[in-house]
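Only heavy atoms go into these numbers, but all of them, side chains included; no hydrogens, no water, no symmetry mates. In what follows, chains carry the letters A, B, and so on, assigned in the order in which the sequence lines appear, proteins first and then strands, with residues in each chain numbered from 1.
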Amino acid sequence: MYASRWSRVVALVLLTTLMLVACTPKATPSAGDDLISKAKAEGMLTVIALPHDWCNYGEAIETFKTKYGLQVNELNPDAGSADEIEAIKANKDNKGPQAPDVIDVGFGFGPQLVEEGLVMPYKVSTWDTIPADVKHPDGYWYGDYYGVLAFEVNKDVVTNVPQDWADLLKPEYKGQVALAGDPRASAQAQMSVYAAALANGGSLDNVEPGLEFFKRLNEAGNFVPVIAKQATVAKGETPIIMRWDYNALADKEALAGNPEIEVVIPKTGVIAGVYIQAISAYAPHPNAAKLWMEFLYSDEGQLIWLKGGCHPIRYNDLAARGVIPDEIASKLPPAEAYAKAVFPSIEQINNAKKIIAEKWMDVVGADVK
Amino acid sequence: MKARALLGKLWSWFWIVLGVLYFFTPLLATFDFSLRARKGMLTFLAYEHIFKDVNFWRTFGFSLQMGFYTIIVSIVLVVPTAYWIRLRLPQLRPLAEFISMLPFVVPAIVLVFGLIRVFSGPPFHLTNTFTGTNALLVAGYVVLTLPYTYRAVDTGLAAIDVRSLTEAAQSLGAGWGTILLRIVFPNLRTAILSGAFLTLATVIGEYTMASFIVGIKAFGPYMSLVGQNKTYESSSLAIISFLLTWAFMGLIQLFNRGRAEGQLAGAR
Amino acid sequence: MPFHRSPRDARQARPALPSSWKNWLGVLPFLLFTALFIVLPSVYLLVGAFRDNAGHFTLKNFADLFTPSILSAYWVTIRISLVTAVLGGLFGFMLAYAVTIGGLPRWMRSALLTFSGVASNFAGVPLAFAFIATLGRTGMVTVLLKHWLGLNLYDRGFNLYSFWGLSVTYLYFQFPLMVLIITPALEGLRREWREAALNLGASSLEYWRRVALPILLPSILGAMILLFGNAFGAYATALSLTGGFINLVTIVIGSQIKGDILYNPGLGYALAMGMVFVMAGAMGIYFLLRRRSERWLRR
């Protein structure tokens, strides 16, 4: 009697477990109407850190809004990756419009997102076409786009456009070269140092030559210690800056010839930077978030990014299938320039970060007495 | 006597001219840059773009509203408190001043996350409604402008004899409400106005708190969005927001001018 | 409510207070507001300062405050705050004086006050760009000086992107702040006092030295401490102008809690706590000075 009751309990438990496992929705392979209707029921998506001219996010957001009739709540377009992470943490108990549903952060932050339990896994329907080395195997985070470090040059001020890192040291560029951020806080600036390292005898594991290069640049008087933006380039105050190619292309388009901008991918030292997408584990609108991901990783979404000058993560797949329209392809720098691009791994990025952040002030910092 | 008066005036003019030079030159440089939206000519195109942008009007109006609420809450909170401390609890003055300085050292970014954490969860749940969210924003702004408001009011109180005025009023039978409304507030008019100007300007341009609490609905985040990628528009926007804010302050000043300017203490 | 028989009594005797707990009622709203909206969120700051990235308790963040680069950051920040507080105080005072007592047309007072309201908040990216457009290498003034006077600022060693360049930029919001804070105090100076002093044979200078300045000193000091705090906490302007090159505490905090590279919020919060201590220290000095100056007043 006793034994049989026990065995019934065990059987019941096993059965229940099996049923639960079977019924747990695995990442379903399609953005079916089911997901769309669930997302519409939520009515809203909250995003953060998406400037409208960064990879053409403006168009992505508008298209998403009109296509699915959802509201999009845009928080802090200027946020850095750390801001986004803090926003998730601070809003753990918050189901209001301050809690971000989705985030777009630097590649190096991936492991931390998983460790701290900040994101939920989701595999989009086009999951298999995302290269394996830029996504988490369980779907916690996945690369969204990449670009390479380029020079943005104001041709109205600089007649002889530099083509490579060594050119920047020439005396004709005195007081003209600047970074687009603080290397201790901005991925764009940090990658500039990293790229300079590659061009000056360093490697993905040795970033010191990059710091040396900027030291020489500073000593030669070519370096302007201000954080450059589109405005300072247009003004001529910082006519040569180092930026992600997509940002430089966006600047070129926005300025529309006033002044003339040229985007140069350097001949040596071409480094690629990947950003990753993830859904917050505390997202108030998880289905809207999933729908957003489906949209971004569909051909339509990927091409919107390409229009903004970013290489979408499924670029190779899109190119292989020949779905890239010519007008978009022609606006980008030639593909050969990208052939030499190097993709640092997460550990390499995080190691380089530490060294650059520690040593930057010694190398270039103003010696204020 | 006349020579001294003239010399005195010259001295004043000297400083004002210096001031005007210092303040207007950077504005002129920005203005000049904002006119160059088309190559080789001066044009108001950048201004057109801003004025035609629906979001400009919407966000400016929103932040203006928040500014006014902040001013009202600040004044209602600070003036009676500063008055009371001067009158009855002078030993509390150092503490009040220290508290009023705290917003300087708690970075806005930390404050905003702290506020969200504390007030979005139980038991407040402020962020579940738009009104609650806006209230949270106003509270944050009151904190942010506390140093200026408190200092302005405190300086104003230093210039009037609080104790005598209060006792005179009380001996005439006035209650606390009357004292506050008809003695304290009118005498602090300049100080309150100064505080109000500072608050309005701060709120309209504020970025960090607005961007995490209401996102691009507020003017600060809107300016940042424009500044990201529209060079000439960001300069024209800077000039426009400067002039508009100045105009609103002028309106407040005019509204104040309508009443008799006499102050009980401090007639020059 | 006990009334006083004569004005003299009012000033000498401490008025007999009703049950003293009632006095605290008057400040209750303020204290409550402070507790809810300043103290409570700041606990977030305090707790975070003792945590490391894994969430465990640690004192390392505070220990890290004493590394040379961070100490130098504090020193530079204190210096720029002091410089701009003093310079801002002096020039702001002169401006406020000019439009209140200085005998200028009435409309200038309103114009200056309202302008100061706006200018005191013209900071961050627009201000930095305005100064770049004025005094940068391709700035309006730089270019004009070159054309008109043949004077090349940058060859002479001037550099906007330096401590002094940043100070000049900071002053743009320091001067107006001083004007706004000190104007009510200046307007509190009664004409009768000046006339009485002159009648008694004092010169204008002596009036200022013996009467006006001592009366104004507490307010001036108070305004300067405000300017100090204002500069101390400035972030966006410094970031835009000299971001990665001059080490200010606010910038270091920003790079720890806001950036794409470093991520050590615990250190950032500890840095902020350090700022609280510096501010407390500054206020301590201010209170000392003010108490001495208030001896002149018999309120």
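Ring geometry for B/Phe23 against C/Tyr172 counts as perpendicular: the plane angle is over 60°, on a 0 to 90° scale with 30° as the lower cut.
In this structure, CG on B/Leu198 lies 6.0 Å from CG on C/Leu177, to the nearest 0.5 angstrom. How far CG of B/Leu92 is from CH2 of C/Trp24: 4.5 Å, rounded to the nearest 0.5 Å. With values rounded to the nearest 0.5 angstrom, C/Leu25 atom CG is found 8.5 Å from B/Trp84 atom CH2. Remark: C/Arg109 CZ to B/Gln253 CD distance equals 6.0 Å, nearest 0.5 Å. Atom-to-atom distance recorded for B/Ile252:CD1 and C/Ser110:OG is 12.5 Å, nearest 0.5 angstrom. To the nearest 0.5 Å, atom CG of residue C/Leu31 and atom CD1 of residue B/Ile99 are 6.0 Å apart.
Here B/Thr202 is the residue among B/Thr202, B/Thr245, B/Val118 with the most heavy-atom pairs under 4.5 Å with chain C. No other option in C/Phe129, C/Phe33, C/Phe232, C/Tyr97 has as many heavy-atom pairs under 4.5 Å with chain B as C/Phe33. Between chain B and the options C/Leu135, C/Val249, C/Leu112, C/Val168, heavy-atom pairs under 4.5 Å are most frequent for C/Val168. Among C/Asn121, C/Leu104, C/Val39, the residue with the largest count of heavy-atom pairs under 4.5 Å with chain B is C/Asn121. Highest contact tally toward chain B, considering only C/Leu226, C/Val276, C/Leu95, is held by C/Leu226 [criterion: heavy-atom pairs under 4.5 Å]. Of the listed residues (C/Ser116, C/Gly233, C/Pro184, C/Pro29), the greatest number of heavy-atom pairs within a distance under 4.5 Å of chain B belongs to C/Pro184.
Using a 4.5 Å cut-off between heavy atoms, C/Leu171 contacts chain B through both its backbone and its side chain. Contact annotation for C/Phe30: both backbone and side-chain heavy atoms come within less than 4.5 Å of a heavy atom of chain B. Neither the backbone nor the side chain of C/Ile132 comes within less than 4.5 Å of any heavy atom of chain B. For C/Met140, the part lying under 4.5 angstrom from a heavy atom of chain B is the side chain only. With a 4.5 angstrom heavy-atom cutoff, C/Ala280 touches chain B via backbone and side-chain atoms both. Contact annotation for C/Val27: both backbone and side-chain heavy atoms come within less than 4.5 Å of a heavy atom of chain B. For C/Leu28, no part lies near chain B; criterion is any non-hydrogen pair under 4.5 Å. Heavy-atom distances place the side chain of C/Val141, and not its backbone, under 4.5 Å from chain B. Heavy-atom distances place no part of C/Tyr235 under 4.5 Å from chain B, backbone and side chain included.
Across all their heavy atoms, B/Trp246 and C/Val118 have their closest contact at CA-CG2, 3.6 Å. In plain terms, the two heavy atoms of C/Gly102 and B/Ser12 that are nearest each other are O-OG, 3.0 Å. In terms of heavy-atom proximity, C/Ala130 sits nearest to B/Thr30 at CB-OG1, 3.3 Å. Counting all heavy atoms, side chain and backbone alike, B/Phe197 lies closest to C/Leu180 at CD1-CD2, 4.3 Å. The two atoms that bring C/Thr134 and B/Ala29 nearest to each other are OG1-CB, 3.4 Å, heavy atoms only. Here the closest non-hydrogen pair linking B/Ile16 and C/Met108 is CG2-CE, 3.9 Å.
Crowding of B/Phe24 atom CZ: a count of heavy atoms from other residues, nucleotides or ligands under 6.0 Å exceeding 12. With a 6.0 Å radius and a threshold of 12 heavy atoms from other residues, nucleotides or ligands, B/Leu172 has its CG atom above the threshold.
At least one side-chain heavy atom of C/Phe37 sits less than 4.5 Å from a side-chain heavy atom of B/Leu115. The shortest distance between side-chain heavy atoms of C/Val125 and B/Met223 does not fall below 4.5 Å. You'll find the side chain of C/Phe115 stays beyond 4.5 Å of the side chain of B/Met249, heavy atoms only. C/Asn230 is listed as a side-chain neighbour of B/Tyr148, based on a closest heavy-atom distance under 4.5 Å.
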Run B/Phe98 and C/Tyr286 through ring-ring contact (aromatic ring centres under 6.0 Å, His included) and show every step you take. CA-CA 11 Å; B/Phe98 181 68; C/Tyr286 155 69; over 10 Å; no
Go through the steps to decide whether C/Phe91 and B/Trp15 satisfy the test ring-ring contact (aromatic ring centres under 6.0 Å, His included), and finish with yes or no. CA-CA 8 Å; C/Phe91 191 62; B/Trp15 290 107; 5.6 Å; yes
